[in-house]
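Only one structure is covered here, and it is reproduced in the block below.
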Amino acid sequence: MTEHEEATFDFAKIQEKWLPIWDELEPFRSDDPNDTRDRKYVLDMFPYPSGDLHMGHAEAYALGDVIARYWRHRNFNVLHPIGWDSFGLPAENAAIKRGLNPVTWTYDNIEQQKKSMRRYAASFDWTRVLHTSDPEYYKWNQWLFLEMYKKGLAYRKDSWVNWDPVDQTVLANEQVLPDGTSERSGAMVVKKKLTQWYFKITDYADRLLDDLDKLEGSWPSKVLSMQRNWIGRSQGADVQFAIEGRDEPVTVFTTRPDTLFGATFMVVAPDADLATELVAGADAATQAAFAEYLTEVQKSNEIERQSTDRPKTGVFLGRFGINPLNGEKLPIWAADYVLADYGHGAIMAVPAHDQRDLDFALKFDLPVKIVVDVPSADGEDNDPRTTGIATGGEGVMVNSGDLDGLTKKDAIAKAIDILGARGTGSKATNFRLRDWLISRQRYWGTPIPIIHGADGVEIPVAFDQLPVELPPTEGLNLQPKGQSPLGAAENWVNVPDPRDESPARRDPDTMDTFVDSSWYFLRFLSPRDSTQAFDPAEAKKWAPVDQYVGGVTHAILHLLYARFITKVLFDLGHIDFEEPFTALLNQGMVLMDGSAMSKSKGNLVRLSDQLEEHGVDAIRLTMAFAGPPEDDIDWADVSPSASNKFLARAWRMAQDVTSAVGADPATGDTGLRRVTHGVLAEAPVLIEGFKFNVVVARLMELVNATRKVIDTGAGGSDPAVREAAETVAMILDVYAPYTAEDMWEMLGHAPSVSRVVWPTADPTLLVQDSVTCVVQVDGKVRDKFDVSPNATEEELEATAMQTAGVIRTLAGREVVNVIVRAPKIVSITTKPSD
RNA sequence: GCGCGAGUGGCGAAAUGGUAGACGCGCUGGCUUCAGGUGCCAGUGCCUGCAAGGGCGUGGGGGUUCGAGUCCCCCCUCGCGCACCA
């Protein structure tokens, strides 16, 4: 090699060389029925086809690929598929803006992204590609909908819904951001009363919550806590209050039935039907005051409603309820701190022990009655009436009849018993979670497979009539206008009633695209199956997903929906598992100068430019080396050119190998072999613990050690150098497949390095022949010496006592204790000098 | 307010309770080239000292331990999530 001219590392040339060869070899197919190895299903969240891939994709797919390629080297049959989440508003809006057909626009983008992903060398099984906007895919959304409809899990109701005035469509609760704006359009969401389709996710609230415990440790704790929070289970009681002048009692939910004796008034949500009904029985002045208040409340937007220190408002409704425990007469108020859609839209107010009720009581001069004696910290006054602070802590019941003297826990149980015996209440559980609103008034989605008869009856489309395909866009106005554009496709929407051929209409709405993504991981298992959504035999082989990789932005939305649909499919008998994703990795975001990249901020880094300048491998390696995968990467802080430098260094190392293929490494440099085998042993632990950056550091150390042997040791002919170079090539494949493949060829092997099985580290090379023993005096390191790992405690102590550092430090001091932890530490304690 | 998570060099970051700062960036010096934004080698936490060495050091304060970045308690700061959910 030294005789003739050495080639220099040219990433562009290497990329060009290997891409077509890989296309030919298809090393990542996973459909061999005779493959009996253990299996791993590694899944990256699939992309929206809006524009080309960006830096965020580059990070996500680099990290997912580390995992997929790693398990292949561990001799697993790995399923690593990719597809496109190609229905949805972003695609449709972009299509409208550019005056294009959403079909053309979407599939052009998919082609662009596919090309980029191939070049990016993501190790996908390209035979399994799916697009959710293909009729062969969304047919099975419709099947799923009908299965759920049959079970009563898909239903239509008239209710207040979130309305996006820009996109002109309804949204699920999960798609409304905390500030009350739409996740998609950014518009302030308004409430509208509409008839819409829902999936009954609330039936699964308990299971969705309880099963999170199974994911503890393999899902990020942040995602688990967000989901728990979102489902928001609270335990308590439903309590019935008789209403003067009304036949039916009003039911309220409370988590503190023990404080019933402290209830001094009741509050109803002003926008609940109940408020309107109750006030109708009051005098004209009260009715007028309420009407004015309701108008006021409806004008206020979410931001105003949610501001925490906003003063309480409300009006008296002129009606009274009766406390079921003590018969006390309680005035009923309407106030917007009570929400219409939580619990029963009405509460009992216990101002002494609930801060919100206290604020309200103090403002409107309502009585405050203490029923829990909470001891104050140091004798200070803790009377809510004077401090303005409700006492919510533990205490003993007082002023509460039969509950007096009980603790909180016992009083809750007894209160529920009493209510139950009198038939005025019972134990109850409430959830924050609401049913999933799935209908959308837009074109680019799965048509809902329902026909509405002239008599208003819902008729499910027969299975053999699926898919209900979208009509062509020709002649349709896709502009958002509050009604589905499909309603105007006369030839499509007007169909004969399946019962009697009389005129009927298709449901014009389309499904939320989160329906598409809630089961796509199953479709990958048999993507071309035209007879079923997925093949149960394949599901048995592969599912659930062993490792899911994606952004934390889907912590609630997609991940909650997918868990829900998985449980539904389990209950329907289609699958034998209840959680779709066994393990989850949330990668961080790619930032620039401390903030998310955006065109408007002017800090956009284009992936295509980076790939052009540094090459695919350098970008992938940079993503992995930047830090822990879940941390954000600030592109301003990392150095793709340094990654490139390392790749070139590794590549040159392979070039310098002059020994023959198969040369016996046992005859080579033992020091280098120890490093090589150390990496072979350690890397699996590190990769499986997602410490991808540390593995890169180990590879750098190995390359540095090899360089040293080549330049100043036995040289490139040492078989240990070959062994090191082959090890680097194999492991580097998970980060930088082009460079690794080229090294592998230089080392005299046939492609593909991605198929190389991880060699077992030689245990005799993992034992060091000498270790450093540290000597501490009073906790401070004073000396160290090299010693055999088998040295006894006595030997170590004797040696330690004679080291220069110890002798110097111990001069004039008395040793009181010596602790030896062979072979690493000798710890000496001395008598403190006075 | 409640709930998660995190604070380590100039920077990105390592570290089963056992040598804090691996690896890399940046910086300094040297060698090679000398057309080099190349390659190679060495140094690089802070203070002190010619040096040997010494002192300090993982947000702050306590504690457990022979030994704490790591475990426990209190506090501060930042990030994220939820937030009038009865």
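When reading the values below, keep in mind they use all heavy atoms of this one structure, side chains included, and skip hydrogens, waters and symmetry mates. Chain identifiers are assigned alphabetically (A, B, ...) following the order of the sequence lines, protein sequences preceding nucleic acid strands; residue numbering begins at 1 within each chain.
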- Message: Syn if the chi torsion is within 90° of 0, anti otherwise; quick check, which is B/G9?
- Response: syn
- Checking all strands, does A/Arg434 fall into the base, sugar-phosphate, or nothing category for heavy-atom contacts under 4.0 angstrom? base
- Query: Contact class for A/Lys784 vs. all strands (heavy atom < 4.0 Å): base, sugar-phosphate, or nothing?
  - Reply: base
- Under 4.0 angstrom, heavy atoms only, what part of the nucleic acid is A/Phe431 near: base, sugar-phosphate, or nothing? nothing
- Message: Give me the distance, rounded to whole Å, that separates B/G69 from B/A86 when you measure between the C1' atoms they each carry.
- Response: 44 Å
- Message: Please give the distance between the C1' atoms of B/G21 and B/C46 as a whole number of Å.
- Response: 13 Å
- Greater than 12 external heavy atoms within 6.0 Å of A/Glu216's CD: yes
- Answer yes if the side chains of A/Gln610 and A/Trp635 hold a donor-acceptor pair under 3.5 Å, and no otherwise. yes
- Task: Please state the P separation for the pair B/A68 and B/G24 - nearest whole angstrom.
- Result: 30 Å
- Message: Could you tell me how far B/G57 sits from B/U8 if I compare only their C1' atoms? Round to whole Å.
- Response: 10 Å
- Task: Remember a base hit wins even if backbone is also touched, and classify A/Pro220 as base, sugar-phosphate or nothing at under 4.0 Å, heavy atoms.
- Result: nothing
- Task: Would you kindly check if the NZ (Lys) or CZ (Arg) of A/Lys312 is within the cone defined by 45 degrees around the ring axis of A/Phe360 and under 6.0 Å from the six-membered ring centre?
- Result: no
- Query: Which nucleotide, B/A22, B/C4, B/A86, lies nearest any side-chain atom of A/Ser221?
  - Reply: B/C4
- Rounded to whole angstrom, note down the C1' distance from B/G63 over to B/A15. 24 Å
- Query: Looking only at side-chain N and O atoms, does A/Lys780 come under 4.0 Å of OP1 or OP2 in B/C56?
  - Reply: yes
- Of all the nucleotides listed (B/A13, B/A86, B/G24), which has the minimum atom distance to the side chain of A/Met700? B/G24
- Message: Nearest to the side chain of A/Arg782, heavy atoms from C-beta on, is which of B/G81, B/G55, B/C84?
- Response: B/G55
- Item | Distance, C1' atom - from B/A6 to B/U70, rounded to whole angstrom | 15 Å
- Base, sugar-phosphate alone, or nothing: which one does A/Asn693 contact when heavy atoms must sit under 4.0 Å apart? sugar-phosphate
- Each base of RNA chain B marked ( ) or [ ] if paired in-strand (Watson-Crick or G-U under 3.5 Å), | if paired to another strand and . if unpaired gives (((((((..(((.....[....)))((((((.......))))))((((....))))..(((((..]....))))))))))))....
- Query: With a non-hydrogen cut-off below 4.0 angstrom, is A/Thr829 in contact with a base, only sugar-phosphate, or nothing?
  - Reply: sugar-phosphate
- Identify whether any heavy atom of A/Asn704 sits under 4.0 Å from a base atom; if not, whether one sits that close to sugar-phosphate; answer base, sugar-phosphate or nothing. sugar-phosphate
- Message: I'd like the P distance from B/A20 over to B/G59, given in whole Å.
- Response: 16 Å
- Item | Proximity to the side chain of A/Asp354 - top-ranked nucleotide from B/G39, B/A86, B/G18 | B/A86
- Determine the contact category for A/Arg228: base if any of its heavy atoms lies under 4.0 Å from a base atom, sugar-phosphate if only primed atoms, P, OP1 or OP2 are that close, otherwise nothing. nothing
- Message: Tell me whether the count of non-hydrogen atoms from other residues, nucleotides or ligands lying under 6.0 Å of NZ in A/Lys363 goes above 12.
- Response: yes
- Item | Quiz item: A/Ser225 side-chain donor-acceptor pair to B/C4 base, under 3.5 Å | no
- Item | Minimum-distance nucleotide to A/Ala697 side chain [options: B/G24, B/G12, B/A22] | B/A22
- Message: Please pick, from B/A13, B/A14, B/G54, the nucleotide with the shortest atom-to-atom distance to any side-chain atom of A/Val694.
- Response: B/A14
- Item | Sugar-phosphate, base or nothing in reach of A/Gln776, heavy atoms under 4.0 Å | base
- Task: Quote, to the nearest angstrom, the C1' distance that separates B/A13 from B/G7.
- Result: 14 Å
